[in-house]
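In the text below, chain A, chain B and the rest are named by the order of the sequence lines, each starting its count at 1.
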2 protein chains.
Amino acid sequence: MVASAEKHDVFKAIADSTRREVLRLLSENERPISEIADHFDMSRTAVTKHLQILTEAELISGRKEGREKIYQIHPEPLTEVKQWLAYYEKFWGNKLSMLKHLVEKEE
Amino acid sequence: MVASAEKHDVFKAIADSTRREVLRLLSENERPISEIADHFDMSRTAVTKHLQILTEAELISGRKEGREKIYQIHPEPLTEVKQWLAYYEKFWGNKLSMLKHLVEKEE
DNA sequence: TAAACGTACAACCAAATGGTTACATATTCA
DNA sequence: TGAATATGTAACCATTTGGTTGTACGTTTA
């Protein structure tokens with residue numbers, strides 16, 4: 001396989017619904033691994049693997065605090081997705097797309 | 001594995017860089033399979049599989065025209081990604097995010 | 001200090017993913 | 001009609017993905 005496979009692939013990171021749910025949880029609050037794992041019907045180990053993938057995409061980071069590892073969200077890499085999407089918004093053809101493109105440029 | 005795995009998963013569809021490139025090509029012009037395949041360093045069969053996944057996500061559709069099958073883009077399902085992203089924009093904290101949220105509501 | 005807690009990680013596994021080759025079928029055109 | 005063109009599809013394969021269990025290790029806390 002070729003596929004370039006950038007190590008920090010945000011598109012691949014958000015492709016999984018479990019990982020999107022992790023992001024939602026962390027958008028509410030930073031949380032230790034065990035608390036995140038409690039929200040899912042899978043082992044803590046499995047959740048840890050998802051956390052690693054999100055970490056590689058730099059969407060989250062974890063700090064050690066005592067015996068816990070506390071994860072927090074970093075949504076900035078989502079700008080790559082946002083910019084990718086922006087290209088396709090012109091194909092929607094709704095009236096506000098022009099205004100939104102102008103707003104985009106100010107960022 | 002659980003993973004819900006909706007048959008029309010737009011997040012999974014756009015996770016692959018080849019499929020994103022297919023979308024870009026089709027955003028320029030509708031094209032037959034062989035023309036799409038010419039842009040990639042892989043077999044036509046492999047490209048066809050990507051076209052099937054994009055079709056299942058309803059991001060493209062193909063019509064038979066003579067011996068050709070011509071694909072065109074349908075970007076509408078990307079709104080799901082856009083809406084998902086919108087939730088995280090408030091975490092950016094840039095000054096225009098409020099205006100953009102208002103604009104969003106008009107659609 | 002010993003037990004409980006939270007995490008790390010190795011080893012393993014089934015299924016999905018992303019690719020291949022080979023061959024069949026439908027359409028066009030000389 | 002027969003050859004060339006465009007696509008469809010079956011069979012196969014290696015790697016990745018998403019999960020498991022078991023064990024080890026550092027940190028609290030009774």
Quiz item: Is any side-chain heavy atom of B:Tyr71 less than 4.5 Å from a side-chain heavy atom of B:Leu54?
Solution: no
Quiz item: Taking all atoms of both residues into account, what is the closest heavy-atom pair of B:Tyr87 and A:Ser27, and its distance?
Solution: OH-OG, 2.8 Å
Practice problem: Could you tell me which non-hydrogen atom of A:His74 sits nearest to which non-hydrogen atom of A:Ser61, and how far apart they are? | Solution: NE2-OG, 2.7 Å
Distance, rounded to the nearest Å, where [X] contributes [atom1] and [N] contributes [atom2]:
X       : N      : atom1 : atom2 : value
A:Arg19 : D:dT16 : CZ    : C1'   : 12 Å
B:Ile53 : C:dT17 : CD1   : P     : 7 Å
B:Ile36 : D:dG8  : CD1   : P     : 11 Å
A:Met42 : D:dT21 : CE    : C1'   : 16 Å

Exercise. Toss me the dot-bracket line for DNA chain D: Watson-Crick and G-U wobble, both under 3.5 Å, 5' to 3', using | for pairs to another strand and [ ] for crossers.
Key: ||||||||||||||||||||||||||||||
Quiz item: Of the candidate nucleotides D:dT20, D:dG18, C:dG18, which contains the atom at the shortest distance from the side chain of B:Asp16?
Solution: C:dG18
Practice problem: Run the numbers on B:Ile36 and B:Leu26 for side chain to side chain contact (heavy atoms under 4.5 Å, CB included), then give the verdict. | Solution: CA-CA 8 Å; B:Ile36 299 171; B:Leu26 294 181; 3.9 Å; yes
Can you tell me how far [atom2] of [Y] sits from [atom1] of [X], rounded to the nearest 0.5 angstrom?
X       : Y       : atom1 : atom2 : answer
B:Leu78 : B:Ile73 : CG    : CD1   : 7.0 Å
A:Ile53 : A:Ile14 : CD1   : CD1   : 13.5 Å
A:Gln72 : A:Arg63 : CD    : CZ    : 5.5 Å
B:Thr48 : B:Lys69 : OG1   : NZ    : 8.5 Å

Quiz item: Taking only side-chain nitrogens and oxygens of A:His50, does any of them come within less than 4.0 Å of OP1 or OP2 of D:dT17?
Solution: no
Is there any protein nitrogen or oxygen under 3.5 Å from a nitrogen or oxygen in nucleotides 6-13 of chain C, and what are the pairs?
residue: C:dT7; atom: OP1; partner: A:Ile33; partner atom: N; Å: 3.1
residue: C:dT7; atom: OP1; partner: A:Lys69; partner atom: N; Å: 3.1
residue: C:dT7; atom: OP1; partner: A:Lys69; partner atom: O; Å: 3.4
residue: C:dT7; atom: OP2; partner: A:Ser34; partner atom: N; Å: 2.8
residue: C:dT7; atom: OP2; partner: A:Ser34; partner atom: OG; Å: 3.1
residue: C:dA8; atom: OP1; partner: A:Lys69; partner atom: NZ; Å: 3.4
residue: C:dA8; atom: N6; partner: A:Arg44; partner atom: NH2; Å: 3.4
residue: C:dC9; atom: N4; partner: A:Thr45; partner atom: OG1; Å: 3.2

